[in-house]
Structure formats: C-alpha cells, structure tokens
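Side-chain atoms are counted along with the backbone in the values below, which use heavy atoms only and exclude waters and symmetry mates. Each residue takes its place number in the sequence, starting with 1.
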Amino acid sequence: MKPFQIKGRAGWHAEVRLPDGRTARKKFQYEKEARAWLSSEQARVDATPEAAFGGPARVTLGALLAEYAQLKTLVKDGYQAEIDRINHYATAAGYPALAVACDAQGRRSLCLKSADKVVPAGWQRHLDARLAKSARTYAKIHALGATLCSRITTADIEQLKTTMLADGLSESTVQKEIALLKSCFNVAITTWKWTLFENPCVGVKLRTGAKRFVTVGSAQIERLVQALSECDNPQIWPLVELAMCSAMRKGSLLKLRWDNLDLEGRKATIWAKGRPAQVPLSRRSVEVLARVPRLHAERVFPLRSNAVDMAWDGVRIKAGLPTLPFRDLRHIAPTYYARKGATVTAIKHLLGHTSTRMAEVYVDMTCTDVVNELDRLDAQSGPGSSVLPPQYDPQGPKKHPRARRPAPVGTRDDQRSATGESLMQSPPAPQPAPDNVVRLDQYQRRSA
C-alpha cells in the first residue's frame, strides 16, 4: 500500500488492512508523514500474532462457543447446564449437539450427544411446553448462533436480554446467559488473540435478582425430622442434617472426603466455587459426621446428585414444605448463629466466603428478630441518655424577659437622654395639616 490523494481534497491518505478484515485509514498533510505511518502500522500488523479460527470475521458465535466448551466448560462444576446453553447456539451454526462423558475414574471428555437416546414422553412434553413459552428467546439465540462474531453488536445483546425478560425468564437466567457470552468473548480476546475485537457484552447493564428469604420455624423442623425418619435411604438424614448445621452446599457435601476432615480440630477442607476452602465445624456438625457410616473408603456420602434430588423431593412433600429446595438449607445455620449474636466475620468463615458482603446474603433476619435484638441491647444500655426530658407545665414559672442592651454612644437615644427625654416615651402623634396645604393625593384627584 502506498499513500494516495483524492481528487478535490487536500493532503495525503494512507490505509492499512487489519488482520480481522477491517481497514484503518488516516489523513496527513505531507506524503512523507503518510509513508512513515504506513511503515509503522504495517510493522505492528505483521508483529501481531494470527488470531485463532481466522478471527471474528470468519467464525460464527455457535462455533466459537463449541470451542469454548472444550477449553473452559469441561472443567466447571456446573458444566451440564452450560453445555445445554451452548447447544442452542452450536446447533444453529450447523454443529451437532455436545455432551460430556465421564469414565470410571471420573475424568470428563467432550463428545457428541447421542441421537438414539429415548426421552420419556412426560419429560418431552415438558421440554416442548418450555420451548413454546420462550419461543422468541430461542429464535433470537438461534439467530445469534449463526451470526459472525464481528457482526454481533451491543445492541444485539441488549435485544437478547430484553426478549428473555419479556418472555418471563428470571433475572438469574438472564445473568447466566449474558455471563456465558461475555466470558466466551473475553477468552477470544485474551487466549485466542482477537486483539482488535471489542467485547459486545461490555456495557450491558443487568439488574440484580431478588434476594432469597428463607424462614424455617421450629414446627417445620419437627415435620422435616419426622419425614427424614421415614426415608428409606439411611444417608439422606445425616446429609440433610449436615447441610442445615454446617451450611455446606450439596456439591461440597457429595465431594466431601474422609481424609479432608479433622474432627478433633473441628475443620473441613471442601471444594466450593472452583477453589478449596477451609470451613470450621460446629459441635453439632462433628456429632453428625461421627455417626455417618463408612460405606465408601474415600467419600463421606457416596451418592449421586440425582438420587439426592429425588429423595429430597419425597422428604419435603411429606413434611409439607414443597417449595423448600435443598439449596435453601444453607440459609438455616447462618441465620441461627446471627440470632445468637455471631459476628459477620464468623459467619463468613462458616460459609467459606472471602467477603462479608456475600455472607450477609445468607442471613435472613425477620423484623421480629431485629426487634428482639434491639430490646435485648436496650436492656443493657440504650443509645440515648437515661434521664427523661422534663414535662411542660403551663402553670410553671415563665422565662425572665431578656434585658435591653444599652444603645451605642452617638445615637438618637443618647441625645434624647441628654435632654432629659425619656427613652420609653412614645413619639409625638402626627399633627393635621393646615387648611391651606393640599396633600399630594388630593392634588392628584383634583387634577383628574
């Protein structure tokens, strides 16, 4: 490329073809400046590493997400839900649906989803009804999956968000969908060297979801214990009991190993949110763990997540708590210890969090709890003074009137005092005007 001039325009123009297919152009006053800019820009383009998959101008969003699944999704704890989301984009781009296979050692690998798998009729009707309810959302997702990444704009992501909310999907579902796309584009920029590509998800504002408020009373706990005693699986009772008193997640409990427990030191090392965390164990948690039978050499609870879900569904229905999911059991212990006066820092360590702000999400204090806590503190010493203010008595003594300050020297009051005239004497009354004097208002009326 060489500098060139445009007919009817002054100056010299230079342009360079970028690796992603775009063209950068700049105007200069002299040809020498244009040649120098061309040389520096061409050297920078040549030094830029080649973008993976040909760059955003040659790969669709569905194909990019299929590569992202191989690189990132495969090692996540919630890989199944994310694979289901990726399949909507991948199938729209012409790729087969993906699945995750696990071998006997628990190692995962990405494979193609089997088309021969028979889906139960009831579950298929549920899937069809769910797809029909969010038909506009899936139509928008399929359109984005077949679109080149270079043509996807922030307006397209905003339209996807608006469509999902209009179809009645929750704020949490929208956040997970946009978070998947944002993370995929960030990986393309940092790992796959799409250096001249801007993430279209940046700037999309998401509303925070409603906070889950969980309250389980003593009567409900009694019904829950009765339902647990009728469960056929002997490991469900200690699993639920440990979830309530230790505030561990279901995934952390199912991955808990005997060699990660220190019952004497009252601590456990768990895997939570993709990182190891050390959490303290309450006295009740130690008692429950000591009574758990060793049915497996390594795992404390050798159960599958689906088996726990099915058993918990039966328990909560028998207890009369059909709307209490297993994840809400994590709220019980933090709320109980907060009512007993535990600090937020202690609750943070109990939950295995890194900040107290996240710990506050799991403390569900009702208005009655707050009032009782205020009464307990007021019984010791209230925030105000212990002396009550005096009551107003209309027949009581009146406030003494303020004495008049002396006037400064040189004023008219001093002159009147020097002549013997009283300071409290009222000014003389105005004298009527003589008959031959016409006032201004009378003169105006006469002139009119």
Member of L131, V174, T163 meeting the side-chain contact (heavy atoms from CB on, under 4.5 Å) criterion with T137: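 The option that passes is T163.
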Near [X] [atom1], under 6.0 Å, is it more than 12 heavy atoms from other residues, nucleotides or ligands?
X: K113; atom1: NZ; value: no
X: Y336; atom1: OH; value: no
X: D232; atom1: CG; value: no
X: Q29; atom1: CD; value: no
X: R125; atom1: CZ; value: no

Atom of G145, atom of A93 and distance for their closest heavy-atom approach: O-CB, 3.4 Å
Sequence neighbours left out, what passes side chain to side chain contact (heavy atoms under 4.5 Å, CB included) with [X]? Give chain and number order.
X: L148; value: T60, S150, R151
X: S109; value: A101
X: A66; value: L98
X: S246; value: L242, M248, S285

Centroid-centroid distance, F4 to W12, less than 6.0 Å: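 Not close enough - the centres of the two rings lie 6.0 Å or further apart.
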By ring-ring contact (aromatic ring centres under 6.0 Å, His included), which residues pair with [X], not counting sequence neighbours?
X: F301; value: none
X: F28; value: W37
X: Y68; value: none
X: W237; value: none

Rounded distance [0.5 Å steps], CD in Q235 versus NE2 in H296: 10.5 Å
Gap separating the CZ atom of F185 from the CH2 atom of W194, nearest 0.5 angstrom: 7.5 Å
Test item: D103 side-chain N/O and R107 main-chain N/O as donor-acceptor pair under 3.5 Å: yes
List the residues meeting salt bridge (charged side-chain N to carboxylate O under 4.0 Å, His left out) with [X], not counting sequence neighbours, and say none if there are none.
X: D167; answer: R136
X: R294; answer: none
X: E287; answer: R284

Residue pairs involving residues 137-177 (criterion ring-ring contact (aromatic ring centres under 6.0 Å, His included); sequence neighbours excluded):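 As it turns out, the ring-ring contact (aromatic ring centres under 6.0 Å, His included) pairs with a partner in residues 137-177, which skip direct neighbours, are H88-Y138.
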